[in-house]
Each structure stands twice: as structure tokens, then as C-alpha cells.
Amino acid sequence: MKLWDKGGTPDEHMDRFTVGNDRELDQVLVGYDVMASRAHAEMLGKIGILDPGETRAILRELDRIAEEIRAESFPIEAPFEDMHSKIEYELTRRLGEAGKKIHTARSRNDQVLVALQLFLKDELVGFRDRIRTLFDLLMALAEEHRDILLPGYTHLQVAMPSSFGLWFSAYAETFIDDVHLLRAAYRVADQNPLGSAAGYGSSFPVDRAFTTARMGFETQKFNVVAAQMGRGKVERTTAMGLASVAGTLSRMAMDICLFMSQNFGFLSFPDSLTTGSSIMPHKKNPDLFELVRAKCNILQGLPNQLALLTTNLPSGYHRDLQLTKALLLPAIEDLKACLEITTTSLRSVRVNRNILDDPRYDYLFSVDALNALVQEGMPFREAYKEMASLIESGNFRPEKKVKHTHQGSLGNLCLQEIRLKMEAAWPPAIPG
Ligand code: ARG
């Protein structure tokens with residue numbers, strides 16, 4: 001059951017410890033291993049290591065295995081060490097001699113790496129699309145609530161008038177920055193490492209350009225040592241993209257928690273999206289957003305975790321690298337869940353349209369009142385002082401109107417410009 005079996009018996013504890021939960025994680029990647037094995041087998045056929053009959057048989061069996069994986073009937077059970085062992089075992093069991101040839105000119109080191117990269121490319125596209133859905137929703141909410149005023153804060157002190165239009169589209173535009181990082185991570189993952197074998201190439205005349213095209217990679221990692229050094233780096237760059245998305249999401253979740261508090265009362269959600277208290281009957285708690293905040297805060301540590309895991313590893317493969325999967329794969333699922341629940345709940349967000357009836361927000365207008373004096377010809381510092389003494393004496397009664405007409409401000413949210421920027425960041429039609 002071990003690909004490296006030479007007749008001895010591995011220690012049971014050593015075996016359990018080194019495999020850990022790796023089989024479970026490989027279950028997520030096994031379809032991509034099959035995809036890469038397919039390209040590899042075709043390539044071995046092309047360079048004459050497999051004869052046409054063997055190539056056909058292997059491809060047919062790999063297609064069957066892919067089918068079984070889709071039907072969730074291709075378990076990687078003990079005592080298989082990993083997905084690679086299971087696939088080779090099945091090919092050999094079903095095909096005999098031909099199956100034993102599939103591992104020519106490759107190693108599990110380039111096999112796991114290519115599977116990971118194919119997987120990450122798909123996941124990164126998935127994140128782009130999920131973010132796009134949330135972006136569209138935020139932009140629609142911005143449009144709908146364009147002129148509804150919302151207090152702006154600095155230092156958590158009432159500052160200047162803002163709007164729900166600005167708030168929603170601020171997060172939308174910020175997600176574009178995250179998409180840039182996701183796209184950069186995609187580019188790093190879009191370089192075929194297959195053919196680097198254990199990390200030093202092989203003596204077979206492998207056609208790496210062929211497998212690159214076959215698997216839809218944009219290019220290859222030409223240097224085999226660099227290809228292997230991609231392990232860890234590919235995971236880290238993806239993690240940076242995920243952490244960037246998480247940073248935006250956790251901040252939005254924090255705003256929402258704050259805005260849902262009775263002391264603010266700016267936003268609310270239907271009862272079905274809030275949780276209650278076992279003791280306080282009035283409670284409508286934002287648990288959902290608190291957990292988005294918490295998960296996304298943890299996710300922001302992921303690049304650091306991966307950096308610590310891989311820090312000071314010399315070039316070449318090390319088993320330490322197996323643990324990148326244990327960090328990255330659950331993080332991907334967490335971020336997906338956070339994006340999905342945030343998007344679903346924002347569809348039913350309710351906005352308080354009468355915030356400014358409360359006189360505690362009168363001061364929001366001090367700057368606009370001051371600016372009006374300046375427009376009438378008073379020097380700024382003089383107008384500032386006049387306004388300060390008006391406020392101090394308690395006689396400030398502002399006209400609650402704002403005229404911020406410059407680009408990106410209250411009067412002109414630049415929604416169209418923001419849409420175009422997102423369009424250009426990573427257009428859906430182009431995978432990379
Ligand atoms: N499970 C390993 C990983 O994820 C497989 C790669 C190669 N294993 C090895 N012992 N060389 O890194």
C-alpha cells in the first residue's frame with residue numbers, strides 16, 4: 001500500500017503521525033490529481049514511454065476514476081498514504097502492467113503541487129465570482145440608498161455627514177483592491193510545475209509545453225528547482241489574497257455590529273437573521289456578523305501561519321509542506337461561508353431613514369455651515385472661530401442639508417466609474 005514499499009513494515013505510530021488528516025485533505029484535491037495524471041499519461045504516450053494501447057487504457061481508467069470522484073465513490077482509505085498512492089494502486093489493479101508505468105518521470109512532489117495549483121486556480125476564480133456577486137449587491141444598495149444620510153465618524157466621534165450610498169459603495173470599491181490581489185495569486189498559481197518531478201527534473205525527455213497546454217496553464221515554471229520552491233509560495237500568495245478579502249469583510253462586519261447596536265440604530269435585519277438571549281427577552285443579537293468578524297480576523301493571520309510554516313526551509317521538498325494544505329483548505333471554506341452569509345443577509349438589510357431627526361447629530365453639519373460662511377467671503381479661520389463659539393453657546397441650529405458635489409462625495413458617488421474599475425480588475429471572460 002506504500003508506493004515506496006521495499007518489503008519492510010513501517011511503524012504504525014510513525015505511519016499514523018505522518019499521514020495525520022492528509023487523506024481527508026487529499027480527498028478535496030484528488031480530482032485535480034486525476035486531471036494532471038491524464039495530461040501526464042498523454043505526454044508519456046507522446047514521447048513513446050507508453051504505447052498507444054496503454055495510453056488509451058490509462059486515459060479511459062482515469063476518466064472512470066474522475067467519474068467516481070464526482071459521484072463521491074472514490075474514497076482514499078487507510079492504509080493508502082495519500083491520493084497519489086490510491087490513484088496508482090487503482091490504475092495498477094484495473095490495468096496491470098500499464099498502470100505501473102504512470103509514475104514514470106514524475107514524483108509525488110510535483111504531483112501534489114500541480115494538483116494544488118489547479119485547485120487554487122479554480123478556487124480563486126470562484127472567489128472572484130463570489131466577490132462580484134457581493135459587489136453588485138453593494139452597488140445596487142448604494143444606488144437605492146444614495147441620498148439617505150448616515151453620520152460619519154472619526155475617533156468614533158460624530159464627524160461629518162455621510163450616506164448609506166457612500167457606505168455601501170465604499171465596501172464595493174474596496175473589494176476591487178482584494179480582487180487585484182486574488183488575480184495576482186492566480187498568476188502565481190498559473191505556472192505548470194509538472195515535470196519537475198522530485199524537484200530536480202528527470203532523465204526522460206518530458207514535453208512540459210504539452211502538459212502546460214493540456215492543463216490550461218498560462219505558462220510553466222521553467223526551472224525545476226523554482227517549480228518545487230513554488231510549494232509554499234503558491235499557498236502563501238493565495239493566502240494573501242484571501243486575507244485581503246477577509247480584512248474588508250471583517251471591517252464591514254464590525255461596522256454592521258456597531259450600526260445594529262441600539263446606541264446607533266442605523267441598520268437592522270429581519271429577526272430570522274438575528275439571535276436571541278436565553279435571559280434577556282428583548283435581544284436581537286448580530287451573532288452572524290460577529291462570527292464573520294472573528295473568522296475573518298483569524299483568516300488575516302493565514303499568510304503569517306504559512307510564512308512561519310515555511311520559514312527557513314531550504315530549497316527542495318520537505319514533508320513540512322504537507323501542512324500547507326491543513327492550513328489553507330479549511331481557510332478557503334471559511335472565507336466562502338463568510339462571503340455567502342454576508343451576501344445573503346445583506347439582501348434583506350433595513351436602513352434607518354430618519355437618523356438625523358435625533359439632535360445629537362446636529363454637529364455633523366458644523367463644517368458645512370462653516371464652509372457656507374467661507375463661500376460668502378469670510379476667511380476660513382475666522383469662520384471656524386465663529387462657528388466654534390456658536391456651538392459652545394449651544395445656539396447651533398444647522399440646516400440639515402449637504403452639498404458635497406465633488407467626485408466620489410455625497411452628491412456624486414461615481415458609481416459608474418467604480419463599476420468600470422471592477423470590470424477591468426479581473427474580467428469574468430478572462431480566466432487569468
Ligand atoms: N502528502 C504530501 C504533501 O502534501 C505528498 C507529497 C510528497 N510526499 C513525500 N513524502 N515526498 O506534501
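Counting starts at 1 for both ligands and their atoms, following the listed order.
- No N or O atom of Asp26 sits closer than 3.5 Å to an N or O atom of ligand 1.
- Taking the six-membered ring where tryptophan is involved, the planes of Tyr171 and Trp167 are perpendicular, since the angle between them exceeds 60° and thus also 30°.
- In the vicinity of Lys325, heavy-atom distances shorter than 4.0 Å reach the ligand 1 atoms 1 (N), 3 (C), 4 (O).
- Residue contact check: Asp22 has heavy atoms under 4.0 Å from atoms 1 (N) of ligand 1.
- When only non-hydrogen protein atoms are considered, atom 9 (C) of ligand 1 lies nearest to Tyr317 CE2, 3.7 Å.
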Kindly list each side-chain donor-acceptor pair under 3.5 angstrom involving residues 113-125, sequence neighbours excluded, with atom names and distances?
| residue | atom | partner | partner atom | Å |
| --- | --- | --- | --- | --- |
| Gln117 | NE2 | Ala189 | O | 2.9 |
| Gln117 | NE2 | Gln191 | O | 2.7 |
| Lys121 | NZ | Asp190 | OD1 | 2.6 |
| Lys121 | NZ | Gly216 | O | 3.0 |
| Asp122 | OD2 | Tyr32 | OH | 2.7 |
| Glu123 | OE1 | Lys336 | NZ | 3.1 |

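- Between Tyr153 and Phe264, the distance separating the two ring centers is shorter than 6.0 angstrom.
- Using a non-hydrogen distance threshold of 4.0 Å, Gln111 does not register as a contact of ligand 1.
- A 6.0 Å sphere centred on NZ of Lys325 holds more than 12 heavy atoms belonging to other residues, nucleotides or ligands.
- Geometric assessment of Arg183 against the ring of Tyr186 yields a negative cation-pi assignment under the 6.0 Å and 45° thresholds.
- Atoms of ligand 1 lying under 4.0 Å from any heavy atom of Val112, numbered from 1 in the order shown and given with element: 4 (O), 6 (C).
- The shortest N or O to N or O distance between His84 and ligand 1 is not under 3.5 Å.
- Where the criterion is an N or O separation shorter than 3.5 Å, residue side chain and backbone included, Asp82 fails it with respect to ligand 1.
- With respect to atom 10 (N) of ligand 1, the closest heavy atom belonging to the protein is Arg108 NH2, 3.7 Å.
- The protein atom (non-hydrogen) at minimum distance from atom 11 (N) of ligand 1 is Asn109 OD1, 3.0 Å.
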Exercise answer: donor-acceptor pairs, residues 408-422 side-chain atoms, under 3.5 Å, sequence neighbours excluded:
| residue | atom | partner | partner atom | Å |
| --- | --- | --- | --- | --- |
| Asn412 | OD1 | Cys414 | N | 3.3 |
| Arg419 | NH2 | Glu143 | OE1 | 3.3 |
| Lys421 | NZ | Glu173 | OE2 | 2.5 |

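- The proximity of Glu81 to ligand 1, defined as any non-hydrogen pair under 4.0 Å, does not occur for either the backbone or the side chain.
- In this structure, Pro427 and Arg128 approach most closely via the heavy-atom pair O-NH1, 3.3 Å.
- Heavy-atom minimum distance, Ile102 versus Gly99: CG2-O, 3.1 Å.
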